[in-house]
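Here the structure comes first, spelled out in structure tokens, and everything after it is commentary.
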Amino acid sequence: MVRANGAVSLRELARVVQTSEVTVRRDVRALEAEGLLDRRHGGAVLPGGFTRESGFPQKSHLATAEKTAIADVAASLVEEGEAIVVGAGTTTQELARRLARVPGLTVVTNSLLVAQALAHANRVEVVMTGGTLRGSNYALVGSGAEQSLQGLRVSRAFLSGSGLTAERGLSTSNMLSASVDRALVQAAAEVVVLADHTKLGSDTMFQTVPTDVITRLVTDEPPAHDERAATELQALADQGVQIAVAGTGAAAGPAGGEQLPPGARPRRDMPLPGQRGRMAAGQFRGPGGAMAAETLERTARVADMRRR
């Protein structure tokens with residue numbers, strides 16, 4: 001199914017193989033370990049993160065609650081009278097909608113969506129870069145955009161991307177977008193990355209911000225079952241990235257997120273990477289246990305999913 005469609009949801013897989021989504025999620029994890037597919041939030045895609053970037057219509061409907069919470073926390077970092085740069089993306093668009101309330105703010109951007117969100121903010125000055133319009137994400141790219149950023153210096157850059165790993169940092173699928181993002185980074189004293197948990201652990205073709213250049217990451221808390229995102233989040237914290245975890249529910253704090261210093265655990269109640277694996281290994285002890293039978297059943301399901 002993944003090979004035919006390029007992507008498939010866990011719900012659809014569960015319907016086809018006639019089992020629960022929890023069971024399918026375990027099976028998909030096993031197939032990912034064999035390199036047969038890549039897990040994504042709520043589904044699976046063909047292996048390899050170096051894929052074509054989704055357009056704005058698709059991105060605008062993904063992880064909307066998470067993006068809103070992230071934007072709330074990011075906006076709380078911006079001070080009155082500050083000068084910042086804001087890159088292109090649906091998360092940065094959400095941020096821009098909240099920046100309209102900050103008096104004396106100057107925003108430099110290559111994003112038409114960011115500029116549109118601030119167009120009627122009387123107390124905010126918006127400076128657009130030059131460049132060539134890239135229609136898929138409404139961003140100005142190319143040498144014109146990069147040259148207009150030369151000699152610029154601002155306090156912070158707020159950027160998003162297609163993937164974020166501790167090994168390579170922030171990355172994107174488009175070469176022109178990556179070049180402009182690098183120019184935005186060069187103009188800022190600090191770099192704040194906005195990335196929801198679905199991007200953690202994903203690596204795409206062009207690096208935009210190396211990990212050691214990222215000052216702060218604003219993200220949401222990964223679901224309990226998403227061990228890859230939790231592991232990546234901890235690895236980023238271990239490398240000195242300050243992490244703010246935005247809450248998407250009523251339990252969120254006044255600023256909408258929890259600030260973590262470098263090296264700190266992202267959340268105390270977050271499951272430790274590999275914890276479930278160690279527990280499962282302990283349950284395998286002893287011949288003929290229920291866990292062994294479940295493993296045989298899961299192996300059969302995985303084989304059936306592989307055939308499909």
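Only heavy atoms go into these numbers, but all of them, side chains included; no hydrogens, no water, no symmetry mates. These numbers come from a predicted model, not from an experiment.
At a threshold of 4.5 Å between non-hydrogen side-chain atoms, the residues E146 and V180 count as touching. Between R228 and L200, the closest side-chain pair of non-hydrogen atoms is not below 4.5 Å.
Residues satisfying the side-chain contact (heavy atoms from CB on, under 4.5 Å) criterion with S171, sequence neighbours excluded, are R168, D203, T204. Residues satisfying the side-chain contact (heavy atoms from CB on, under 4.5 Å) test with T132, not counting sequence neighbours, are none. The side-chain contact (heavy atoms from CB on, under 4.5 Å) check on L105 picks up V78, E82, I84, L99, V102, V107, V124, with sequence neighbours excluded. Considering only residues two or more places apart in sequence or on other chains, R97 meets the side-chain contact (heavy atoms from CB on, under 4.5 Å) condition with Q93, E94, A117.
Contacts classified as side-chain hydrogen bond (donor to acceptor under 3.5 Å, both in side chains) and involving residues 106-127 (residues at least two apart or in different chains) are not found.
Here the shortest heavy-atom pairing between L140 and G130 reads CB-O, 3.4 Å. When all heavy atoms are compared, the tightest approach of T172 to A178 is CG2-CB, 3.6 Å. For the pair S173 and S162, the tightest heavy-atom approach, listed with the atom from each and the gap, is N-OG, 3.8 Å.
Note that the OG1 atom of T219 and the CG atom of L164 stand 8.0 Å from one another [nearest 0.5 Å]. From N137, atom CG reaches atom CG of L113 across 8.0 Å, with rounding to the nearest 0.5 Å. To the nearest 0.5 angstrom, K67 atom NZ is 11.0 Å from L194 atom CG. Within the model, atoms CG of D238 and CG of L233 stand 10.0 Å from one another, a figure rounded to the nearest 0.5 Å.
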Determine, step by step, whether S160 and K199 satisfy the side chain to side chain donor-acceptor pair (under 3.5 Å) criterion, reporting the C-alpha distance in whole Å, the side-chain angles of both residues, the deciding distance to 0.1 Å, and the verdict.
-> CA-CA 10 Å; S160 187; K199 298 177 182 178; 3.1 Å; yes
Kindly indicate, with the supporting measurements, whether the criterion side-chain contact (heavy atoms from CB on, under 4.5 Å) is fulfilled by V114 and M128.
-> CA-CA 10 Å; V114 169; M128 293 289 297; over 6 Å; no
Give the C-alpha distance, both sets of side-chain angles, the deciding distance and a yes or no for side-chain contact (heavy atoms from CB on, under 4.5 Å) between L159 and T208.
-> CA-CA 9 Å; L159 297 174; T208 56; 5.8 Å; no
Does the pair L95 and T91 meet the rule for a side-chain contact (heavy atoms from CB on, under 4.5 Å), with working shown?
-> CA-CA 6 Å; L95 169 62; T91 310; over 6 Å; no
Show me the donor-acceptor pairs, under 3.5 Å and distance only, between side chains in residues 182-193 and residues at least two apart or in other chains.
unit_1 : atom_1 : unit_2 : atom_2 : d
R182   : NE     : Q207   : O      : 2.9
R182   : NH2    : Q207   : O      : 2.9
E190   : OE1    : R156   : NE     : 3.4

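Under 3.5 Å, the side chains of D196 and T198 contain a donor-acceptor pair of N or O atoms.
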